[in-house]
S.K.: 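One structure is given below, represented as structure tokens, and several questions about it will come after.
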Amino acid sequence: MKADLVKLIQHALDDLSTQGVFSAEGMREPMVERTRDPAHGDFATNVALIHSKAAKIPPRELAEKILAALPDAPWLAHAEVAGPGFINFRLSADAHLTVVASILDQGEQFGRSNPAQRQKAHIEFVSANPTGPLHIGHGRGAAYGSAIANLLEAIGYDVYREYYVNDAGRQMNILATSIWLRYLELVGETVKFPTNAYKGDYIWDIAATLHREHGEDYRHPADQVHANLPADEPDGGNKEQHIDAFIERAQQLLGDSAYQTIFQLGRHVILADIRDDLARFRVNYENWYSEQGLFDSDAVTQTIERMRQENLLYLKEGNWWFRSTDYGDEKDRVVVRENGSPTYFASDIAYHLDKIERGFDRMINVWGADHHGYAPRVKAALKALNHDPKCLDVLLVQFAVLYENGEKKSMSTRSGEFITLRELRKDVGADAARFFYVMRKSEQHMDFDLDLARSQSNDNPVYYVQYAHARICAVLRQAKEKGYPTRITPGIQNLTRLTEPHESNLLKTLARYPETLHNAATQAEPHQLVHYLRELANELHTYYNAHQFLVTDEALRDARLKLILATRQVIKNGLALIGVEAPEKM
RNA sequence: GCGCCCAUAGCUCAGUUGGAUAGAGCGUUGGCCUCCGAAGCCAAAGGUCAGAGGUUCGAAUCCUCUUGGGCGCGCCA
């Protein structure tokens, strides 16, 4: 409808241009938007205001000329010049009604678009280190990333969701060592647990599994374990050096094979936990991509070699540096350390090159806001290797700060003091959690009020939208009990009976759904959809309170049932995109 | 010190990419169930859009500066 209006205005402008009234050269497509105030009609355009200067005609006068040149259209009831030079349009009554028929006809497809040429989009999100369970901070990335993926799919992308598993770094060695130490405690050794090791309860669980499966095979006396290690932080030493020495000691005493057994057990158990947790959160991936795999396949070495050959690297103080400043980064970055081991950045370059090679038109990375400084260097690497950095979008998600009983809760994976996503999900349910996470703009710092999310009360906005859906279902059950036909007649017949203001508001809001979906998807802002759904639910509730649907007048009843059925469909479609269920009863 | 993000009602947040009189929820106050689900509806009160300049027909929105907060500035991932 909006697009038709744009065409109409364009037509008028072209006419005026050929008449020599003013030059349409270099003009943008006219902008049409929905009016905020119903008194201004349904749509408005500001073309006259924008072009008045170039045309050397006062805005109102220009608007009159455009209006006069506007071709007739059956769906357009009225157009007029208003205010400083806006042109307001009012649609015919029938034009508003067609949306109901479209919704009922298209069902779950309503609002989705299917372009002739489908683009392939890769979206990487969550990608937390497999060193512990997901916590509440990861939840926001999961809900947000998954909503973006669904939205892009809805506007016609082929979407490929991927979790990048950072299973190659030092953190994983700390994990393996932490498990081994807890295991030693289980078998009766008295060890001193390092400051920097992982302290969460889940480490005990994995250690217990290790003990169950391997008995005392990996037991070494505590004094051997601790012999000649550099001091830990509380003893006046350095905690980083201490843990690194500890890792080396573990590898030394256990030997490669045993160490790998523990390492892989940890990786496997935690990854399985993350995978299960996300699946229950209705977040699923096409692929889980291992960073270690990039090393095993030599992709990292090949990437480094290629960069070296293309003279993108230089040697300084034993390290290989990438000249990222030449490509827009703040400073150069090390890709190979003095000891020959590649940095995380090196494998990340290899990873992004691999994404491009897999043939994606677009890449989207959802990162926590603390990684924002990292984006320029990845883009710099892409640019240096002759790829357009614009094919990569980095979407940053700000932290969610937890509040409980009005108090801020601190979180740290290392210390084990955190609320897991699983706990949250069990506590408030996947619906409320997902709804809450995407309710806010992603770049907005979010206060996650645990008490509110937990509450089963009307303070909780997710229920409000779900209730609208359930309420419509209840009306239909009632209709059946009363013996009214619930099979809805096709087409727009009877719909002309929808003349109440509440009804026309609802019709207009329903018609806005495809635009809302499109905007939310292209701008990566699922919160727009959430706000829309709240508004739609509000209009349904208002309508419900103002009018009876199951009236004896058959034509009117049919019309109203069609309207609420269409509303139910849109609520269901919208909720599905943010991963929230639309219950028939609550 | 440099860079990124943010600042809108008592609280939590929207604001259709520069449009017409800045909107919701919660909280506060008052009203609505002999009627399809009251997890609902209606109404009232509540604002110097952090501050100051600038850009123009028009600014919460764009530019500059100031103030106040979050984050980043490893050869950690």
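Proteins get letters first, then strands, A, B, ... in listed order; numbering begins at 1 in each.
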S.K.: N/O contacts under 3.5 Å, protein versus nucleotides 18-21 of chain B?
M.R.:
{"unit_1": "B:G19", "atom_1": "N7", "unit_2": "A:N46", "atom_2": "ND2", "d": "2.8"}
{"unit_1": "B:A20", "atom_1": "OP2", "unit_2": "A:R36", "atom_2": "NE", "d": "3.4"}
{"unit_1": "B:A20", "atom_1": "N6", "unit_2": "A:N88", "atom_2": "OD1", "d": "2.8"}
{"unit_1": "B:A20", "atom_1": "N1", "unit_2": "A:N88", "atom_2": "ND2", "d": "3.4"}

S.K.: Is the phosphate of B:A77, meaning OP1 or OP2, less than 4.0 Å from a side-chain N or O of A:R377?
M.R.: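 Indeed not, no polar side-chain atom of A:R377 lies that close.
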S.K.: Syn versus anti for B:U17, judged by chi lying within 90° of 0?
M.R.: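 It is syn.
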S.K.: Side chain of A:N538, heavy atoms from C-beta onward: which of B:C41, B:G15, B:C36 has the nearest atom to it?
M.R.: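 Among the listed nucleotides, the one closest to the side chain of A:N538 is B:C41.
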S.K.: Using a 90° cut-off around 0 for syn, call B:G74 syn or anti.
M.R.: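 Syn.
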S.K.: For B:U61 versus B:G1, give the span between their P atoms, rounded off to a whole number of Å.
M.R.: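 Comparing P positions in B:U61 and B:G1 gives a spacing of 26 Å.
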S.K.: For the residue pair A:W288 and A:Y163, does the interplanar ring angle fall in the parallel (under 30°), tilted (30 to 60°) or perpendicular (over 60°) class?
M.R.: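 Plane angle under 30°, so parallel.
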S.K.: Would one find a side-chain N or O of A:H531 under 4.0 angstrom from OP1 or OP2 of B:U16?
M.R.: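 No, no such contact exists.
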S.K.: RNA chain B: A:A479 or A:N519, which has the more 5' nearest nucleotide?
M.R.: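 Upstream on the strand: A:N519.
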S.K.: Cation-pi check for A:Y314 against A:R323: NZ or CZ below 6.0 Å from the six-membered ring centre and within 45 degrees of the axis, yes or no?
M.R.: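 Not flagged: A:R323 not positioned over aromatic ring of A:Y314.
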S.K.: Under 3.5 Å between N/O atoms: give me all the protein pairs with nucleotides 2-5 of chain B, atom names plus distance.
M.R.:
{"unit_1": "B:G3", "atom_1": "N2", "unit_2": "A:H372", "atom_2": "NE2", "d": "2.6"}
{"unit_1": "B:C5", "atom_1": "O2'", "unit_2": "A:Q398", "atom_2": "NE2", "d": "3.2"}
{"unit_1": "B:C5", "atom_1": "O2'", "unit_2": "A:E443", "atom_2": "O", "d": "3.3"}

S.K.: Reading RNA chain B 5' to 3', what string of ( ), [ ], | and . shows its pairs, if Watson-Crick and G-U wobble pairs count only when both distances fall under 3.5 Å?
M.R.: (((((.(..((((.....[...)))).(((((.......))))).....(((((..]....)))))).)))))....
S.K.: What I want to check is whether an N or O donor and acceptor connect the side chain of A:D370 with the base of B:G72 at under 3.5 Å.
M.R.: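 No, the side chain and the base share no sub-3.5 Å donor-acceptor pair.
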S.K.: Taking B:C4 as the reference, what is the distance to B:C42 when you measure between their C1' atoms (whole Å, please)?
M.R.: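 46 Å, rounded to whole Å.
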S.K.: Rounded to whole angstrom, note down the C1' distance from B:U8 over to B:G25.
M.R.: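 Approximately 15 Å lies between the C1' atom of B:U8 and that of B:G25.
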S.K.: Say we look at B:G27 and B:C11: how far apart would their C1' atoms be, to the nearest angstrom?
M.R.: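 Straight-line distance between the two C1' atoms is 8 Å.
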S.K.: Tell me if a side-chain donor or acceptor on A:N365 pairs with a main-chain N or O of A:W367 at a distance below 3.5 Å.
M.R.: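 Checked: no pair found.
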S.K.: Distance between the C1' atoms of B:A59 and B:U17, in whole angstroms?
M.R.: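 One C1' to the other, the span is 13 Å.
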